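Take a look at the structure below.
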Amino acid sequence: MTLRRVNVIILVLLAVAFLIIIQRNLLNLSDFLRKETPDSGVILPFESELSQDIRPQIRSGVEVPVLITAAEERLGAVVAAMNSAYQNTKVNVAFTIVTLNYTVDHLKLWLSSTQLKNIKYKIVIFKPELLNGKISEDPQMREKPLAFARFYLPMFLPEAEKAIYLDDDVIVQGDIQELYETNLKPGHAAAFSDDCDSASAKGIVRGAGNQNNYIGFLDFKKEAIKKLKMRAKTCSFNPGLIIANLTEWKNQNITQQLEHWMELNAREDLYSKTLGESVTTPPLLIVFYKCHSTIDPMWHIRHLGTTGAGNRYSPQFVKAAKLLHWNGHYKPWGRTSSFAEVWDKWFISDPTGKFTPVRRHISNK
């Protein structure tokens, strides 16, 4: 064996010995650190029972697109709805907030100054001129342009394939990922909650026509409605919660179909006279007639804003519900409402002081 080979072997053995010494030293250091700081490797779990203020900001990779509208006079409702949806899930919730220009600054300040400052959101300005020629000159309809934002979901969410629309007078108590994963049947562009479902059927509005079926929303004496050959007693649905397949929505030109019926109604007055505030429901009923999927009834417990809601639903039932909807005249931020204490849990005070729940304001006097 040559001298050169001997030298190489000696160098290799020295290197191996050096690495063994380093490894032992590192193991000893690791043991020492574990003894000094026994809890250093413990990660705080994301537990549903943690209080809202100390919940860690841990979010999985799943993203749920949610669209909600924000009217200035109802901004507290929007904040409560967003807070409930965000706090009751582990997934990323990406809010698209559709509002009018004069509300933007107030909304941004509210979100940035409270515990909602870490949520993911974008604000989109709704242009009321989009409705020119599509709604009647009735001042009541002109005053609520944001109600029609749900007709334009693909425009406000151009990159989403699926999305959730929420009315502002809701509270989400379940995990919104479960709602988002609702299965839509092939060819269906949307899922709604039928007004005849077992959970909310007992909450049907009385004294305002048959507003659990189509005849309560459409004038079946009009020729344009007759030609559709729809059954007047078909169960209607509530569009305060929509799960939309936006790919199908675009492929079927749903927005254009809705606009067609809006324009026709503006000329021919096709809607029922007992509508109240449900001006957006009739065109949706026409376009989605027998062509929509259904939502789990417990994901849309409604009529909480109607007279006697406190007698129809028990506190235990309301607690078990996954989404509560105060559709009707009596809102939880107003003078009187059933189960307002549930809504209060999720309300975040306005840092500007402009929005204050009416009953809370009265009680402080």
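This structure is a prediction, so every number in the text was calculated from the model and none was measured.
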Which residues share a salt bridge (Lys or Arg N to Asp or Glu O under 4.0 Å) with Glu63, sequence neighbours left out: Lys120

Given 3.5 Å as the limit, does a donor-acceptor pair link the side chain of Lys233 with the main chain of Asn213, or not? no

Inter- and intrachain pairs under side-chain hydrogen bond (donor to acceptor under 3.5 Å, both in side chains), touching residues 237-248, at least two apart: Glu248-Gln252

What one should report as the nearest heavy-atom pair of Glu259 and Tyr152 is OE2-OH, 2.8 Å

May I have all residue pairs that pass ring pair (Phe, Tyr, Trp, His ring centres under 6.0 Å) and include part of residues 161-183, sequence neighbours excluded? none

Just verifying a value: how many Å separate Thr99 OG1 and Ile68 CD1, rounded to the nearest 0.5 Å? 11.0 Å

Partner set under side chain to side chain contact (heavy atoms under 4.5 Å, CB included) for Ala147, not counting sequence neighbours: Arg150, Thr280

Is a side-chain N or O of Ser338 found less than 3.5 angstrom from the main chain of Gly310, in a donor-acceptor match? yes

Results of ring pair (Phe, Tyr, Trp, His ring centres under 6.0 Å) for Phe192 - residues two or more places apart only: Phe237, Phe288, His292

Between the side chains of Asp194 and Thr294, does any donor sit under 3.5 Å from an acceptor? no

Do Lys222 and Glu268 sit within salt-bridge range, that is, some charged N less than 4.0 Å from a carboxylate O? no

Indicate the atoms forming the closest heavy-atom contact of Phe339 with Leu304, along with that distance. CD1-CD2, 4.1 Å

In short, Trp110 meets Pro351 closest at the heavy-atom pair CD1-CD, 3.6 Å

Of all residues at least two apart in sequence or in a different chain, which pass the salt bridge (Lys or Arg N to Asp or Glu O under 4.0 Å) check with Asp168? Arg74

